[in-house]
Amino acid sequence: MKKVLLIEDDISIAELQRDYLEINKFSVDIQHSGEEGLQKALQEHYDLIILDIMLPGVNGFEICKQIRAVKNIPILFVSAKKEDIDKIRGLGLGADDYITKPFSPSELVARVKAHLERYERLAGKQTQTNTIFVHGITIDKSARKVYIDGEETPFTTKEFDLLVFLLMHPNQVLSKEQLYEKIWGLESAADVSTVTVHIRKIRGKIEGDPAQPKFLETVWGAGYRFNV
């Protein structure tokens with residue numbers, strides 16, 4: 001049984017989310033404060049964390065930052081904050097997804113399952129060494145490491161997956177919907193702005209001038225293409 005930590009200060013929302021997750025055979029711990037949630041996340045084993053942003057004490061952004069520094073597990077932000085800047089900040093800190101309230105509990109369950117399945121597939125693929133070289137970028141797929149001009153550069157899980165997928169389809173135009181479905185494992189009708197955020201973060205790491213990208217190109221009205 002997969003174990004989920006739910007850090008949410010609204011008791012009624014937390015209990016509703018817990019009930020739906022437990023119906024779907026998840027074990028769920030709930031913490032209502034930022035400090036206690038962070039302590040639980042760092043000290044105990046969980047397969048996935050669902051995290052609100054506005055919490056008493058330590059906010060969700062800081063919790064995400066501290067968890068991601070030591071653990072590679074799915075982190076899903078759930079928040080009433082709808083501004084793009086909050087999504088960008090949350091995803092930039094290493095969160096895997098950002099779900100805006102209100103949402104259906106069944107959607108939350110679907111996303112939890114999709115992210116867990118994604119992480120399990122990635123873990124199962126780490127037995128075979130496979131290296132990609134292009135434009136001064138070296139990707140060790142088995143170790144999940146990226147080197148830019150010989151220097152290791154940190155990538156979040158989704159940034160790494162997205163970069164590898166684009167490189168496995170060189171010179172092809174891939175739509176945001178296609179990328180979202182392949183990398184996040186969810187239907188393309190979901191919030192594809194997540195793709196845009198991750199593309200921006202990747203460009204900041206691999207492009208000499210992210211504002212004028214040479215490799216990871218935007219094809220307006222169509223999607224993105226990695227030129228090799």
Side-chain angles (χ1 to χ4, degrees), residues 4 7-8 17 48-54 59-61 63-65 67-68 71-122 144 146 153-169 172-207 210 213 215-226:
V4 175
I7 307 177
E8 167 66 66
Q17 293 174 0
L48 180 142
I49 295 174
I50 300 172
L51 180 59
D52 192 15
I53 291 178
M54 303 302 292
N59 67 41
F61 291 132
I63 292 172
C64 178
K65 181 179 178 181
I67 294 172
R68 185 55 76 218
K71 293 190 175 184
N72 185 28
I73 60 173
I75 299 174
L76 279 62
F77 269 124
V78 173
S79 178
K81 296 170 72 65
K82 300 180 180 180
E83 292 81 0
D84 286 343
I85 189 64
D86 293 307
K87 292 185 180 182
I88 292 169
R89 183 180 179 189
L91 296 169
L93 288 170
D96 295 275
D97 209 346
Y98 190 112
I99 310 173
T100 303
K101 300 176 184 178
F103 57 87
S104 69
S106 58
E107 178 189 0
L108 176 66
V109 172
R111 295 200 185 200
V112 166
K113 289 181 177 179
H115 285 292
L116 285 170
E117 289 171 2
R118 180 77 184 167
Y119 269 67
E120 288 175 354
R121 287 199 301 272
L122 292 173
R144 297 184 63 79
V146 180
T153 303
F155 275 66
T156 68
T157 298
K158 288 297 187 289
E159 289 170 5
F160 183 90
D161 295 343
L162 183 55
L163 177 60
V164 169
F165 187 79
L166 287 162
L167 285 171
M168 296 301 291
H169 298 81
Q172 296 182 34
V173 178
L174 300 167
S175 70
K176 293 179 183 179
E177 291 78 12
Q178 286 176 305
L179 293 171
Y180 193 88
E181 186 172 356
K182 292 295 183 182
I183 302 306
W184 279 262
L186 303 167
E187 293 183 359
S188 59
D191 185 5
V192 295
S193 65
T194 298
V195 176
T196 305
V197 173
H198 281 73
I199 291 289
R200 186 181 301 123
K201 298 291 289 185
I202 291 171
R203 281 179 176 153
K205 297 176 181 181
I206 69 171
E207 299 279 0
F215 312 137
L216 185 43
E217 178 185 5
T218 298
V219 181
W220 296 108
Y224 302 100
R225 175 174 58 215
F226 200 102

Open item on the list: For I50, give me all partners under side-chain contact (heavy atoms from CB on, under 4.5 Å), at least two apart in sequence or on another chain.
Closed with: V4, L6, Q17, L21, L48, V78, L108, V112
Open item on the list: Suppose we screen for ring pair (Phe, Tyr, Trp, His ring centres under 6.0 Å). Which residues come up paired with F61, at least two apart in sequence or across chains?
Closed with: F77
Open item on the list: Suppose we screen for side-chain contact (heavy atoms from CB on, under 4.5 Å). Which residues come up paired with S106, at least two apart in sequence or across chains?
Closed with: S104
- [ ] Report the distance from atom CD1 of I183 to atom CG of L174, rounding to the nearest 0.5 Å.
- [x] 9.5 Å
TODO: Give the intermediate values and the outcome of side-chain contact (heavy atoms from CB on, under 4.5 Å) for residues V219 and Y224.
DONE: CA-CA 5 Å; V219 181; Y224 302 100; over 6 Å; no
Open item on the list: Quick check: do H198 and L163 have side-chain heavy atoms less than 4.5 Å from each other?
Closed with: no
Open item on the list: By the ring-ring contact (aromatic ring centres under 6.0 Å, His included) test, which pairs, at least two apart or in different chains, include something from residues 78-101?
Closed with: none
TODO: For the pair V164 and F155, evaluate side-chain contact (heavy atoms from CB on, under 4.5 Å) and give the outcome as yes or no after the intermediate values.
DONE: CA-CA 11 Å; V164 169; F155 275 66; over 6 Å; no
Open item on the list: I want to check something: taking the side chain as every heavy atom from C-beta on, are L166 and L179 in contact at a cut-off of under 4.5 Å?
Closed with: yes
Task: Qualifying salt bridge (charged side-chain N to carboxylate O under 4.0 Å, His left out) pairs, either residue in residues 86-96, two or more places apart - done: R68-D96, K81-D86, K87-D191, D96-K158
TODO: Over all heavy atoms of both residues, which pair between K205 and E159 is shortest? Give the atoms and the distance, please.
DONE: NZ-OE1, 2.5 Å
- [ ] Specify whether H169 and F165 have parallel, tilted or perpendicular ring planes, treating 30° as the upper limit for parallel and 60° as the lower limit for perpendicular.
- [x] tilted
TODO: Can you sort out the partners of F103 under ring pair (Phe, Tyr, Trp, His ring centres under 6.0 Å), two or more places apart, ordered by chain and number?
DONE: none
Task: Under the side chain to side chain donor-acceptor pair (under 3.5 Å) test, residues paired with E207 that sit two or more places apart - done: none
Task: Interatomic distance, C64 atom SG to L93 atom CG [nearest 0.5 angstrom] - done: 5.5 Å
Task: Partner residues of P154 under the side-chain contact (heavy atoms from CB on, under 4.5 Å) criterion, sequence neighbours left out - done: none
Open item on the list: Going by the rule side-chain contact (heavy atoms from CB on, under 4.5 Å), which residues pair with I88 if we only count those two or more places apart in sequence or in a different chain?
Closed with: V197, R200
Open item on the list: Show the nearest heavy-atom pair for residues V173 and Q178, with the distance to one decimal.
Closed with: O-OE1, 4.1 Å
- [ ] Decide yes or no on side-chain contact (heavy atoms from CB on, under 4.5 Å) for T157 and R144, but give the supporting numbers first.
- [x] CA-CA 9 Å; T157 298; R144 297 184 63 79; 3.7 Å; yes
Open item on the list: With rounding to the nearest 0.5 angstrom, report the CZ to CD1 distance, F226 to I206.
Closed with: 4.5 Å
Task: Where G204 and P210 come nearest, the two heavy atoms and their spacing - done: CA-CG, 3.8 Å
Open item on the list: How long is the straight-line distance from OH of Y180 back to CG of D97, given to the nearest 0.5 Å?
Closed with: 4.5 Å
Open item on the list: Can you list everything that forms a side chain to side chain donor-acceptor pair (under 3.5 Å) with K101? Sequence neighbours excluded, please.
Closed with: E8
Task: Pairwise distance CD1(I99) to CG(L51) - rounded to 0.5 angstrom - done: 11.5 Å
TODO: With sequence neighbours excluded, tell me which residues meet side chain to side chain donor-acceptor pair (under 3.5 Å) with T196.
DONE: K176
- [ ] Compute the centroid of each ring, for Y119 and then for H115, and state whether the two points are separated by less than 6.0 Å.
- [x] no
Task: Within 6.0 angstrom of K71 NZ, more than 12 heavy atoms from elsewhere - done: yes
Open item on the list: Just verifying a value: how many Å separate I67 CD1 and I49 CD1, rounded to the nearest 0.5 Å?
Closed with: 3.5 Å
Task: Which residues share a side chain to side chain donor-acceptor pair (under 3.5 Å) with K201, sequence neighbours left out - done: none
